[in-house]
Amino acid sequence: MAVLGLGTMGAAMATRLADTDLKVTVWNRSPKRTEPFRNGPARVADSAARAVEGADAVLTMVFDAVALDEVMATALPAMSKGAIWMQSSTIGPEAAGQQAEKAARAGVRYVDAPMLGTKGPAEQGTFKALVAGDPEVIQQLEPVLDAVASATLRVGEAAPAASALKVAMNTWIATITAGIGQAMTVAQRLGVDPALVLDALEGTGVDSPYAHIKGKAILADDFTPSFDVAGLLKDLRLASSQTDGISPELLDALEALYARAAENDGGQDIAAVWKAFQS
C-alpha cells in the first residue's frame, strides 16, 4: 500500500493505515512532511514512482488537480498492472473523469473515493467515504476503507460520481459555516451576545453540530485549521466552473466571502469566514 500526499488528511490516513496489518509506503513532495514516518510506522520513499512500485493499492490525497497531475506523471507509469488507485483528493468531477481515463489506459483500476470530514475524523478514522467504482474493486479496498472511514456511501460504479457529490457537499459546508458567521455578526451588531445564537439553535429543528463547532471557534477566536479557507475556496470555484445551469447568486456570494477571508490568511480554518463579515 502506498500513500502519496502527507498533508493534514493524508498524514492521518497514512498513520491509520500503518497501524493495521498493511505494509505502507509514504511519499510527499515536501520531504519535511515525511519526517514523522522516518522511524516508523511506514516506509518513506524518495520519489512517488518508488513509493508505488509493487504496491497493490495506491492512495492519493493532495491539494488539487494540478498537484495530482504532477504527482501521477511519474507515479502512474510506475504502478503495477491491475493495481488499484484510490483517489481521495478533492479535484472535482472533470479532473476525476480525466484521471480515471488515464488509469484505464495504464491498466490500473481506478476508484473515485473522496472523504467527508476534516482533521479530527481523519485522525480518528471516522471519515465518511464517498466511493464510485467497480463494486468488486471497492470490495478489495475494504481493509483500507475500514481503517480510514467509519461509513462508506456507494455513489456509483464509475468516476466521477463520488467527486461530484464531494463538491456538492462542500458547498453545503461553505453555506452552513458562512451562515453561522453571519448570524453571530448580526446578533453582535444588534447588541446581543453572539454566543446566544448557539444557545438559541440548540435543540431546534435547524440545529447543527457543525454550526456549534464553527460557532465556538469564532467565539474563542481560534482558527487553527481543520479545513482551511484556501481549500474550501478551491472547492467553491470547482462547483462554480463545473456546474451547468445553476443560478450563481449563492455560489458567487460564498466565493466572494471566502476569497475575502483568504486574503487575510488562507491557511486559517474556514470559521475565519466570520472575519469577512467584520469588514
Closest non-hydrogen atom pair, [X] against [Y]:
X    : Y    : answer
A272 : Q268 : CB-OE1, 3.5 Å
A132 : A158 : CB-O, 3.5 Å
A49  : T74  : CB-O, 3.7 Å
V52  : A78  : CG2-CB, 3.7 Å
G92  : L238 : N-CD1, 3.7 Å

Is the shortest heavy-atom distance from the side chain of [X] to the side chain of [Y] under 4.5 Å?
X    : Y    : value
E157 : D134 : no
L251 : E255 : no
E70  : R29  : yes
I180 : L198 : yes
Q140 : D56  : no
L141 : I84  : yes
M86  : T60  : no
V58  : L4   : yes

Whether [Y] and [X] form a salt bridge (side-chain N of Lys/Arg under 4.0 Å from carboxylate O of Asp/Glu) is what I want to check.
X    : Y    : answer
E123 : R16  : no
R260 : E263 : no
D269 : K214 : yes
D69  : K102 : yes

Hydrophobic cluster membership, [X] vs [Y], 4.5 Å side-chain cutoff:
X    : Y    : value
W172 : Y210 : yes
L59  : L153 : no
L6   : V44  : yes
L116 : L145 : no
M13  : V62  : no

How far does [atom1] of [X] sit from [atom2] of [Y], to the nearest 0.5 angstrom?
X    : Y    : atom1 : atom2 : value
K234 : D228 : NZ    : CG    : 9.0 Å
D235 : M169 : CG    : CE    : 12.5 Å
Q98  : L68  : CD    : CG    : 10.5 Å

Check for a donor-acceptor pair, side chain of [X] on one end and backbone N or O of [Y] on the other, with a separation under 3.5 Å.
X    : Y    : value
K166 : M115 : yes
S163 : P160 : no
K23  : A42  : no
N28  : R33  : no
R50  : A45  : no
T20  : L17  : yes
Y258 : A174 : yes
S208 : A211 : yes
S88  : A113 : yes
E94  : Q242 : no

For this session: Go through the steps to decide whether V131 and D112 satisfy the test side chain to side chain contact (heavy atoms under 4.5 Å, CB included), and finish with yes or no.
Result: CA-CA 6 Å; V131 297; D112 189 22; over 6 Å; no
For this session: Could you walk me through whether V24 and F37 pass side chain to side chain contact (heavy atoms under 4.5 Å, CB included), step by step?
Result: CA-CA 10 Å; V24 178; F37 296 91; over 6 Å; no
Can you tell me if [atom1] on [X] sees more than 12 non-hydrogen neighbours from other groups inside 6.0 Å?
X    : atom1 : answer
N39  : CG    : no
Q139 : CD    : no
D199 : CG    : yes
Q278 : CD    : yes

Exercise. Relative to F227, does K119 satisfy both conditions: NZ or CZ under 6.0 angstrom from the six-membered ring centre, and within 45 degrees of the ring's axis?
Worked result: no
Problem set entry | Check: Q87/S89 side-chain N/O donor and acceptor closer than 3.5 Å | yes
Exercise. Does the side chain of R189 pick up a donor-acceptor pair with the side chain of T185 at under 3.5 Å?
Worked result: no
For this session: Check the pair T224, D222 against side-chain hydrogen bond (donor to acceptor under 3.5 Å, both in side chains), reporting the backbone distance first and the verdict last.
Result: CA-CA 6 Å; T224 304; D222 181 2; 2.7 Å; yes
For this session: Run the numbers on W85 and M79 for side chain to side chain contact (heavy atoms under 4.5 Å, CB included), then give the verdict.
Result: CA-CA 9 Å; W85 176 10; M79 287 179 64; 4.0 Å; yes
For this session: Could you walk me through whether W27 and S47 pass side-chain hydrogen bond (donor to acceptor under 3.5 Å, both in side chains), step by step?
Result: CA-CA 7 Å; W27 174 84; S47 71; 5.8 Å; no
For this session: Anything under 30° is parallel, anything over 60° is perpendicular, the rest tilted; go ahead and classify W274 against F223.
Result: parallel
For this session: In sequence, state the C-alpha distance, the side-chain angles, and the governing distance for L233 and I270, and then conclude on side chain to side chain contact (heavy atoms under 4.5 Å, CB included).
Result: CA-CA 9 Å; L233 179 59; I270 60 173; over 6 Å; no
